[in-house]
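For reference, the structure discussed in these notes is given below.
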Amino acid sequence: MNNFVIAIDGTSSSGKSTIAKAVAEKLNLIHIDSGAMYRAVTLFAIENNIYTKNGLDTILLIDSLKEILIDFRKNADNGINEVYLNNKNVEQEIREEEISKKVSSIAKIYEVRNFLTKIQRSFAIDKSIVMDGRDIGTNVFPNSAIKFYITSSIEIRAKRRFNQLNNKTTLEEVTIDLIERDLIDSTRKDSPLKKAIDAIGIDNSINSKEETINEILEIIAQKLNIS
């Protein structure tokens with residue numbers, strides 16, 4: 001078949017990026033983590049004193065978007081498509097908790113979303129990809145070949161995130177943070193987080209990562225006739 005997009009959306013810490021990465025690897029496709037792009041913009045804002053302890057200078061950030069170059073490059077050692085910000089590998093920096101706490105306020109800005117959506121769409125011009133995020137099936141690629149929406153209970157998501165942070169915070173703080181991010185993402189004016197009408201819902205609260213990946217791969221094989 002011609003080039004296609006597999007869209008995987010979902011809530012924070014639902015495991016969608018890990019799942020999307022594994023699905024892409026199994027199908028020998030390119031994986032694009034759209035959330036990492038918003039994290040990269042957030043890192044840029046912090047490093048350039050656009051987002052300080054006094055808050056975010058939205059006008060300055062919008063004006064500075066022209067200075068931002070974001071791309072993905074495959075790590076030859078681990079095969080992961082890693083994020084580069086202005087030709088610097090920032091894969092580790094963007095996963096820091098400070099970025100996680102601030103990224104939703106960056107992601108709700110229309111000009112930022114419009115800027116990154118154009119880049120995201122460019123990745124699929126001449127290749128098939130698996131892209132995960134919050135508005136891939138609803139906004140970035142509404143005509144994607146197949147769409148998934150990954151969810152988990154807030155309790156499960158909070159525990160997963162808490163374990164990732166290696167006790168750098170409390171489970172209660174992580175839970176509150178995720179609830180706040182869900183609220184910001186789902187109520188923002190531009191392309192809010194929501195399940196596309198034609199997306200296939202997957203709740204991985206109970207299933208293991210491997211079970212969820214296998215379920216998605218089976219659906220893809222049936223729907224797209226690829227394996």
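The basis for the numbers below is simple: all heavy atoms, side chains too, and nothing from hydrogens, waters or symmetry mates.
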Please check if atom [atom1] in [X] has more than 12 non-hydrogen atoms from other residues, nucleotides or ligands closer than 6.0 Å.
X: Lys195; atom1: NZ; answer: yes
X: Asn28; atom1: CG; answer: no
X: Glu172; atom1: CD; answer: no
X: Lys209; atom1: NZ; answer: no
X: Glu210; atom1: CD; answer: yes
X: Lys66; atom1: NZ; answer: yes
X: Glu93; atom1: CD; answer: yes

Exercise. Closest heavy-atom contact between Leu56 and Ser105?
Worked result: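 Residues Leu56 and Ser105, closest heavy atoms: CD2-O, 4.3 Å.
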Answer yes if [X] and [Y] sit in the same cluster of Ile, Leu, Val, Met, Phe, Trp and Tyr residues linked by side chain heavy atoms under 4.5 Å apart, and no otherwise.
X: Val103; Y: Tyr84; value: no
X: Val5; Y: Ile200; value: no
X: Leu193; Y: Ile32; value: no
X: Met131; Y: Ile6; value: no
X: Ile219; Y: Leu27; value: yes

Problem set entry | Derivation and outcome, salt bridge (charged side-chain N to carboxylate O under 4.0 Å, His left out), residues Asp135 and Arg113 | CA-CA 10 Å; Asp135 68 335; Arg113 301 201 69 80; 3.0 Å; yes
Using modelled atom types and a 3.5 Å cut-off, is there a donor and acceptor pairing between side-chain atoms of [X] and backbone atoms of [Y]?
X: Asp57; Y: Ile50; answer: no
X: Asn163; Y: Lys159; answer: yes
X: Asn204; Y: Ser14; answer: yes
X: Ser128; Y: Phe4; answer: yes

Just checking, is any N or O donor in the side chain of [X] or [Y] under 3.5 Å from an acceptor N or O on the other one?
X: Asn87; Y: Arg73; answer: yes
X: Ser152; Y: Arg160; answer: yes
X: Ser100; Y: Arg39; answer: yes

For this session: Show your working on side-chain contact (heavy atoms from CB on, under 4.5 Å) between Ile68 and Phe115 and close with a plain yes or no.
Result: CA-CA 10 Å; Ile68 298 176; Phe115 170 71; 4.2 Å; yes
For this session: Mind checking ring-ring contact (aromatic ring centres under 6.0 Å, His included) for Phe72 and listing every partner two or more places apart, or none if nothing turns up?
Result: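 Scan of Phe72 (ring-ring contact (aromatic ring centres under 6.0 Å, His included), adjacent residues dropped) gives Phe123.
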Problem set entry | Straight-line distance of Gln120 CD to Ile70 CD1, nearest 0.5 Å |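 These two atoms lie 9.0 Å from each other.
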Problem set entry | From CA spacing to verdict: side-chain contact (heavy atoms from CB on, under 4.5 Å), Ile216, Ile150 | CA-CA 10 Å; Ile216 289 176; Ile150 312 296; 3.9 Å; yes
For this session: Might you work through the side-chain contact (heavy atoms from CB on, under 4.5 Å) test for His31 and Lys74, ending with a clear yes or no?
Result: CA-CA 10 Å; His31 168 242; Lys74 192 170 185 178; over 6 Å; no
Exercise. Knowing that exactly one of Thr151, Thr175, Asp182 qualifies, which makes a side chain to side chain donor-acceptor pair (under 3.5 Å) with Arg157?
Worked result: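 Single pass found, and it is Asp182.
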Assess whether a salt bridge exists between [X] and [Y], defined as any Lys/Arg side-chain N lying under 4.0 Å from an Asp/Glu carboxylate O.
X: Lys16; Y: Asp132; result: no
X: Asp33; Y: Lys21; result: no
X: Arg95; Y: Glu91; result: yes

For this session: Would you check, one step at a time, whether the test side-chain contact (heavy atoms from CB on, under 4.5 Å) holds for Ser34 with Ile136?
Result: CA-CA 8 Å; Ser34 72; Ile136 309 306; 3.6 Å; yes
